[in-house]
Amino acid sequence: MRDKQCGAVSRDDIGNTLTLSGWVFRRRDHGGLIFIDLRDVTGIVQVVFSPEISPDAHERAGDIKQEFVISITGKVRKRPEGTENPNVPTGEVEVYADTFQVLNTCKALPFQLDEEEPSEALRLKYRYLDMRRLEIQKVFVERSKAYKVIRDYLTSCGFLEFETPFLTKSTPEGARDFIVPSRLNAGNFYALPQSPQLFKQILMIGGFDKYFQIVRCFRDEDLRADRQPEFTQVDIEMSFVDVDDVLSVCEGLVSALYLELKGEPLATPIPRMPFSEAMELYGNDKPDLRFDLPMIEITDIFKDTEFGVFKKTIEDGGAIKCLVLKGKTLARKDLDTSVEITKEMGAGGLIWIRKESGNLKSPVVKYLKDNEISLMDERLHLSDGDVVFIMADGRNKVNDVMGRFRLYLGDKYDLIRKDQFKFLWIVDFPLFEYSEEEKRYVARHHPFTSPQGSIKDFSGDYGAFKARAYDLVLNGVEIGGGSIRIHRKDDQMEMFKLLGHKVEDAEEKFGFLLEALDMGAPPHGGLAFGFDRILMMLLGLESIRDVIPFPKTQKGTCLLSGAPSKIPQRQLNELRIRVTGEQQ
RNA sequence: GGGGUCGUAGUUAAGCCUGGUUAUAACGCCGGCCUGUCACGCCGGAGGCCGCGAGUUCAAUUCUCGUCGACCCCGCCA
């Protein structure tokens with residue numbers, strides 16, 4: 001049906017007769033002469049229909065419309081002097097059609113493939129048309145390359161690729177599960193995996209030593225620009241390792257991916273930052289280091305202050321922190337907007353101070369002592385025009401709000417160097433975090449995470465106990481995370497106990513893991529990368545939907561297939577399911 | 001569950017704030033012309049429940065409320 005792909009036609013083919021197939025991209029009908037850009041995934045090539053070459057083909061070519069699928073046969077020729085097109089790789093040559101065949105027609109398109117992007121909803125409904133666009137094809141060519149790099153790298157390191165069940169068991173903690181009813185066991189349900197966590201641990205206990213899988217995971221939570229209900233993880237697990245071993249393998253993998261997709265080596269090692277430092281400097285556990293602007297603590301400067309707000313904060317054990325915006329010109333309106341923005345973010349208030357002609361100016365300066373002002377000026381190295389934003393409140397509140405305000409400032413004042421890729425390991429996570437909803441401490445990572453040191457040394461201070469867990473962050477987005485696991489049953493039981501699980505419950509939910517841990521489980525640990533997110537970031541795209549062939553909308557629907565949908569009563573009966581409280 | 005943005009020919013947008021004669025443009029589509037174009041060009045034409053439903057008004061694409069859908073954010077996402 002074809003001798004080669006459209007983009008592969010070159011000057012080496014001049015003089016040869018080729019058969020080429022593809023889609024009619026653009027047509028330029030000059031009456032006497034018709035040009036068609038024939039397109040496939042490799043590129044486009046110009047086909048000429050001339051009455052002097054084939055009157056029949058020229059006559060019939062008048063009826064060809066865009067996106068017809070055609071096959072043409074003709075001689076490749078060098079283009080006449082002055083008509084070459086340097087913008088196209090095949091622009092030196094063209095194919096003079098002797099004969100052609102219409103393999104399929106195409107009705108009028110719902111949107112044009114070579115113009116402004118139609119709405120995303122329309123693109124998703126007609127995803128097969130959207131995909132024909134060059135820029136979309138590029139993404140999935142890159143995605144395919146990424147799969148290969150990952151498989152090549154990990155297998156070369158001795159990792160074995162596995163598949164684990166999709167029809168599996170619901171696990172407590174973590175995200176909401178997607179549920180699949182069991183026909184053979186009416187009234188019982190499978191859960192789709194949030195990750196293959198337990199199975200990969202079992203594979204380690206099974207002695208396979210190094211496991212990986214490029215695997216779909218499912219989480220029934222609300223969607224975001226970087227979150228889909230089904231997404232792909234690069235899942236990795238290794239035996240006889242500690243944190244450094246895992247991070248080192250992962251850095252190798254990320255470097256290989258980066259080299260493939262960005263065409264340049266990645267500077268390694270990737271820097272590491274303790275969780276607590278990330279929280280204190282950037283207010284979250286995934287700082288965007290493409291711009292600096294850390295929070296600076298100035299609580300100590302005001303230890304004897306007369307200024308009510310600060311005094312009260314310090315008495316209540318809170319913190320006073322600031323962000324210093326340098327080299328930007330802010331109008332009074334910008335400052336007022338900043339106050340509004342932080343209030344919307346949950347701040348009690350925001351104080352700004354601006355340095356003008358060597359003096360600090362602000363509505364609150366009159367409440368501050370001279371030495372407080374000069375200490376601030378000195379510590380913050382202020383120059384004329386600099387603005388200091390100060391917040392005083394509980395430490396967690398300050399970190400949270402200032403962290404988000406920092407991102408706002410970074411965006412608003414173009415501080416972010418958009419061409420940079422700042423990878424960062426966050427390490428030394430707390431093992432536990434308090435859940436307001438459940439009124440108890442839960443595992444911050446998951447309940448199989450090993451603490452630093454022995455779990456038997458737990459002092460009772462949940463907040464201070466650290467985990468052997470780590471996250472990989474790229475430009476303010478979490479792209480991977482993992483931990484060293486608990487590999488002994490007694491430790492795991494202790495962990496469940498600390499989390500407030502009853503022994504019977506733990507046995508019921510994880511009996512198979514607990515029993516396996518009791519039969520020679522090796523020390524092991526691993527990590528999972530969010531494959532879609534990494535692609536999104538490295539390809540410079542705004543949404544995870546852009547790197548998924550058939551993504552779902554924010555309400556979890558597939559505009560192409562119409563899922564989810566009702567099912568016939570017969571199927572419900574088979575499953576012994578009755579639908580109640582249905583919304584029409 | 002909550003906050004916000006958007007919805008106008010097939011498509012992308014303008015008009016809406018400040019209600020009033022025939023809702024504008026580009027691309028696409030249909031017809032005609034054109035032998036060197038490559039976003040071909042030129043001439044002509046068709047194409048609209050202004051998302052849907054209420055309300056205000058003499059009059060609503062325009063103002064208000066509701067609703068549906070897409071998107072962004074908070075909660076949620078070990």
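Proteins come first, then strands; the chains are lettered A, B, ... in the order of their sequence lines, and each starts at number 1.
Place A/Arg224 and A/Leu33 on RNA chain B by their nearest nucleotides, and A/Leu33 ends up nearer the 5' end. Heavy-atom distances to RNA chain B give each of A/Pro51 and A/Arg27 a nearest nucleotide, and the one nearer the 5′ end belongs to A/Pro51.
Judged by the 6.0 Å distance and 45° axis criteria, A/Arg406 is not positioned over the aromatic ring of A/Tyr282. Judged by a 6.0 Å distance limit and a 45° cone about the ring axis, A/Arg127 is not positioned over the six-membered ring of A/Phe550.
In the set B/U37, B/G1, B/U35, B/U35 carries the atom at the smallest distance from any side-chain atom of A/Glu52. The nucleotide whose nearest atom lies closest to any side-chain atom of A/Tyr96 is, among B/G36, B/A70, B/C34, B/G36. Comparing B/G36, B/G75, B/A70 against the side chain of A/Thr553 picks out B/A70 as the nearest. Of the candidates B/C40, B/G36, B/G75, B/G75 carries the atom nearest the A/Asp222 side chain, counting heavy atoms from C-beta on. Of the candidates B/A70, B/C77, B/C71, B/C71 carries the atom nearest the A/Gln554 side chain, counting heavy atoms from C-beta on.
Residues from residues 402-410 of chain A placing a heavy atom under 4.0 Å of any atom in RNA chain B do not occur. Scanning residues 54-66 of chain A for heavy-atom distances under 4.0 Å to RNA chain B yields A/Lys65, A/Gln66. Residues of residues 462-488 of chain A that place a heavy atom closer than 4.0 Å to RNA chain B do not occur.
In this view, A/Gln554 and A/Leu223 satisfy the side chain to side chain contact (heavy atoms under 4.5 Å, CB included) rule, not counting sequence neighbours. Annotation: side chain to side chain contact (heavy atoms under 4.5 Å, CB included) contacts of A/Pro564 (sequence neighbours excluded): A/Thr557.
Using atom C1' as the reference point in both B/A70 and B/C34, the two lie 43 Å apart (nearest Å). Atom name P, nucleotides B/C76 and B/A13: the rounded distance is 34 Å, in whole Å.
Taking only distance into account, the side chain of A/Arg219 never meets the base of B/C76 through a donor-acceptor pair shorter than 3.5 Å. Donor-acceptor pairing under 3.5 Å, judged by distance alone, is present between the side chain of A/Glu94 and the base of B/G36.
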Would you give a per-nucleotide map of nucleotides 5-17 of chain B, 5' to 3', where B means the base has a protein non-hydrogen atom under 4.0 Å away, S means only the sugar-phosphate does, and - means neither?
-> -----SSS-----
